[in-house]
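We name chains A, B, ... by the order of the sequence lines, and we start the count at 1 in each one. These numbers were taken from a predicted model, which means no experiment stands behind them.
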Amino acid sequence: MTEFETVIGLEVHCELSTKTKIFCGCSTKFGAAPNSQVCPVCLGLPGTLPVMNAEALERAILVGLAVGCTIRRRFKFDRKHYYYPDLPKNFQISQYDLPLAHDGRVDLAGAHPVRVKRVHLEEDAGKLVHEGAGQQIATGTAALVDYNRSGMPLLEIVSEPDLREPAEAVAYVKSLQTLVRYLHVSDGNMEEGSLRCDANISVRPKGADELGAKIEIKNMNSFKSIEHALTFEARRQRDALARGETLAQETRLWDDTAGETRSMRSKEAAHDYRYFPEPDLLVFTMDDARLAVIRGRLPELPWTKRLRYVQTLGLTDYDAGVLTSDRTVAEYFEATIAAGAPPKTACNWVSTELLGALHGRKLGIGDSRVAPRQLAALIALIDKATISGKIAKTVFAEMLVSGADPDAVVKAKGLVQITDEDALVTSVRDVLAANPQSVADFKAGKSQTIGFLVGQVMKATGGKANPQAVNKILKEELTR
Amino acid sequence: MMKSPASLTIHEAAAALRAKTLSSVELTKAVFERIRAVEPQVHAYLHLTEEDALAQAAASDRRRAAEESRGPLDGVPIALKDNLCTRGVPTTCASKILERFVPPYDATVVTRLRAAGAVITGKTNLDEFAFGSSTENSAFGPSRNPWDLDRVPGGSSGGSAAAVAADEAIAALGSDTGGSIRQPAALCGLAGLKPTYGRVSRYGLIAFASSLDQIGPLAKDVEDCAILEEAIEGWDAADSTSVRLEGPSVTQASAGDIQGLRIGIAKEWLGTGLDPEVRAAVDGARVPLEKLGCTFREISLPLQDYALPIYYLVAPAEASSNLARFDGVKYGRREDGANIVEMYKKSRSAGFGPETKRRIILGTYVLSAGYYDAYYLKALKARTRLRQDYLDALKECDALLSPATPTPAFRIGEKADDPLQMYLSDIYTVSVNLVGLPALVVPCGFSAAGLPIGMQLIGRAFDDATLLRVGARYQNVTDWHRRKPPLPDSGEGGV
Amino acid sequence: MALTRRDVEAVAHLARLSLTEAELERYGAQLEAILGYVESLNRLPLEGVEPTTHLSPATDRARPDRPAPGLTQAEVEALAPEFRAGSVRVPKILEE
Ligand SMILES: [Mg+2]
Ligand SMILES: [Zn+2]
């Protein structure tokens, strides 16, 4: 039997979180009343003209640089024509033969790199809601259009067909999501549609050079649906080929509820977009000086950071992945170690205690009342044996609520660890006097009894005793 | 009998207003009286804004009384071609698809005219979406040439030209994509300027071909053209292709003499197809210009014969794209349809006239898969060579002189069924749009039948002032521009 | 240059125009005549010539990312042929 291989390429669309739209001064805020963030330009009223948003352009270049693309020194915009009611001018201002960035790559952790074919900037369309049962296009009786999204700056990142597994595709989109969030250029939010993904997927006999019929999958609105849709589609295509069928190039829609892809049965089999250069925008240029300025906005990229955490800080790849998946978390972690905390301890506290607590309260790391400096101070108290690890968790819980410094919490609650042996001897002697049976057991050779006795001393001191010191005094008293 | 204030030029009216021998309200009333008298014959306007105009005129008079007058246009009645968006005033492009369209914003040139105190009289007729050279393609009926009501006023700014020639406005704005200001100016005996591409903001001009369109003045003389251009030109944040202008103002720069100017005439311009009377009139203009100190030289523009083919690929291609937005969804005319495609097709087919459909089909075809390289791309490359020709010619010349049109005004209906014949009437004007240069048309004679003839002056990029200077000096020593059409003053009904 | 009736029909569909038989015939013939006229461009040597896509000598026109007021929902409604629930209403998308 022939062995098949799946070949996937992705087109990721990412809405840039600039203050205004790409060609007009309308706000880009999400969730406003329909058609309340529009103007003559983004409604495509006759006579209106586009003027490029400088920040959108710069962010596009920034992403291009981050994925290692070559930035074109001279580029233009083009009109792409097709009729659809959410597209006000019935053409989209996009880029055709001269995208602003091309030929880059994204390094996926644990997998081969994915080549990025091109990155270009374009305008988004409005939003369509279908009237009728289930609000589906297939059963729609009419449609309602909201143009608030029309003219939002949209970055299109097109990969080469380098992905082989649905899981790889998800990992690739996730790393782009992390990236655009790192760069502070987009919310990268799949639920709100600020990150969207279309796939080209085909199946071919393993080892074949030629690609199979390219099937485009649209309408995958979450990471889960990307994985499900591509898994479904790969299987569908394999089964069809195994039955000896031939597949035709087409566009299919993913139906999340039904769990299947469906042919769009479009009359317009072949698109004829009639691209031509957009005469209403000037040509754009990039020189070394300008590129250097934009490059200066690049932070350390997530994949570089992750590698550094493993190689120079000694973290596991898993921990490094958790810390670097969000730039603000990574920055928090780095500020904590900069304040003197050992990396491994800081990693545990940030990724387990802090993120766990914040997650439980549905908060982000930016909402934490504990500053990195304070977390480092807490870790220092443990290292200096001023408090025990257990007490530290109590202190931390208090810090999360009040935002107080750890020393203050420790002092106010009297949580300083008792390491003073003279103070501890009394407690130890009291415990021994109260537990003659245990003393007898110990002396009879049951050395494990000492654990019980340590526990009793800890209890008597309200947990503040230093366990090592208690252990030492107990042994001295018992063998006396 | 005292001549009606409606027949004044901008600068004459401004002088009278300044001297307070005339008020803006009196002037505006005189213009609307004239409109009532001759409009049934001329049909220059699609929409009049009389009430608002009188209010603007009264406001202008109050400003003048308070010594807060804003300059030469304050209180002067100006007409606007109906492809310029006016807030709250219908803007139709002479198309049924925009019959009920009322823009929620003003074009930049309209904002600037209002800021200069101009009184807007109304919106003038045009070929639908500016596609044409006769105004016969208006969905609301043709305009007529005031010099001969059986003839076309030219197009597509034929309504603006007819209005000014018939004294139904002191001056007007038009738009020029392939000659749409200059050709009607020539056929109606007016001065008309197509400014350098980028000089006047296109924001609010309903686009025909974005890389060719430019707004400009149609006026009774060259001095008025300069006044209007100065009011509307300059950088605009809303138009990426608009340019920051430097140096003296157009009116200052067009004031000097023209001693020593070198003017080129291309031999390709004087070939077959040029009416002998037009040829003689343009030739005759050399005498006064030589007396004023200009020298003439013959030049060659080898690409001249290709200008019209290039134009009829580039312009419809851009137009087919610009007109895609008229789909019945967000504004304008909608016809019911069972689904969206049916609604699109019904609305567009009912809303657009024949010439508009013809250009959309041609433009769509030349951009479509498999034909782009053969037609559109080739035209863009030829455009580069044409441009080089003009730039080379203007290295050794300060301006070029050509006929404006191959013939004087033709009869209504004469070319209506032959698009190619109609397109040929733009043969002298389209190049200038393709290469982005400024050009001015000035009256230079009359045919034996009493029809005006115009000549065209073409200048270097952003040197519109030199053209205005040549035109103004020429008008100092000639009086073609002072003649008035033999239009019955009142009492005539429709034709 | 021979244009079939189907060519003209396909272009008309791309441009979302429905043409009558008579129009298809007439526009077909006129389109052919115009295309014949522009054939002269084929005589022009154009190898190595850059296309003129933009006339302006200027480049890099961009605006600051600063919000500006737009239209109200009521103004959008006033323009629209059909409006419901704050939205522009259009016929259904799919054909039968
Ligand atoms: Mg795209
Ligand atoms: Zn807007």
Report the option among [options] that has the most heavy-atom pairs separated by less than 4.5 Å from atoms of chain C.
{"options": "A/S36, A/G126, A/G140, A/P40", "answer": "A/P40"}
{"options": "A/R74, A/R274, A/K127", "answer": "A/R274"}
{"options": "A/C42, A/P279, A/C24, A/G132", "answer": "A/C24"}
{"options": "A/C39, A/A54, A/A143", "answer": "A/A143"}

Under 4.5 Å from any heavy atom of chain C, what part of [X] do you find: side chain, backbone, both or neither?
{"X": "A/L128", "answer": "side chain"}
{"X": "A/Y84", "answer": "side chain"}
{"X": "A/T141", "answer": "backbone"}
{"X": "A/E131", "answer": "side chain"}
{"X": "A/P34", "answer": "both"}
{"X": "A/Y82", "answer": "neither"}
{"X": "A/L43", "answer": "side chain"}

For [X], which atoms come within 4.5 Å of any heavy atom of chain A: side chain, backbone, both, or neither?
{"X": "C/R66", "value": "backbone"}
{"X": "C/A15", "value": "backbone"}
{"X": "C/P91", "value": "backbone"}

Sidechain N-carboxylate O distance under 4.0 Å for [X], [Y]:
{"X": "C/R84", "Y": "C/E82", "result": "no"}
{"X": "A/R196", "Y": "A/E15", "result": "yes"}
{"X": "A/D124", "Y": "A/K21", "result": "no"}

Subject >> Result of checking A/F91, A/Y273, A/F77, A/Y275 against A/Y96 for ring-ring contact (aromatic ring centres under 6.0 Å, His included) >> reply: A/Y275
**OP:** Would you name the heavy atoms of A/Q95 and A/L121 that are closest together and state the gap between them?
**Re:** OE1-N, 3.2 Å
**OP:** Might you point out which heavy atoms bring A/P277 and C/H54 nearest each other, and give the distance in Å?
**Re:** CB-CE1, 4.4 Å
**OP:** For chain A, find which of C/L71, C/V76, C/L55 contributes the most heavy-atom pairs closer than 4.5 angstrom.
**Re:** C/L71
Original post:
A/V180 versus A/L155: any side-chain heavy-atom pair under 4.5 Å?
Top reply: no
Original post:
Which word best sums up how the rings of A/F284 and A/F75 line up, parallel for under 30°, tilted for 30 to 60°, or perpendicular for over 60°?
Top reply: parallel
Original post:
Is a side-chain donor-acceptor pair under 3.5 Å present for C/S87 with A/D146?
Top reply: no
Subject >> Check: A/F276 ring centre within less than 6.0 Å of A/H81 ring centre >> reply: yes
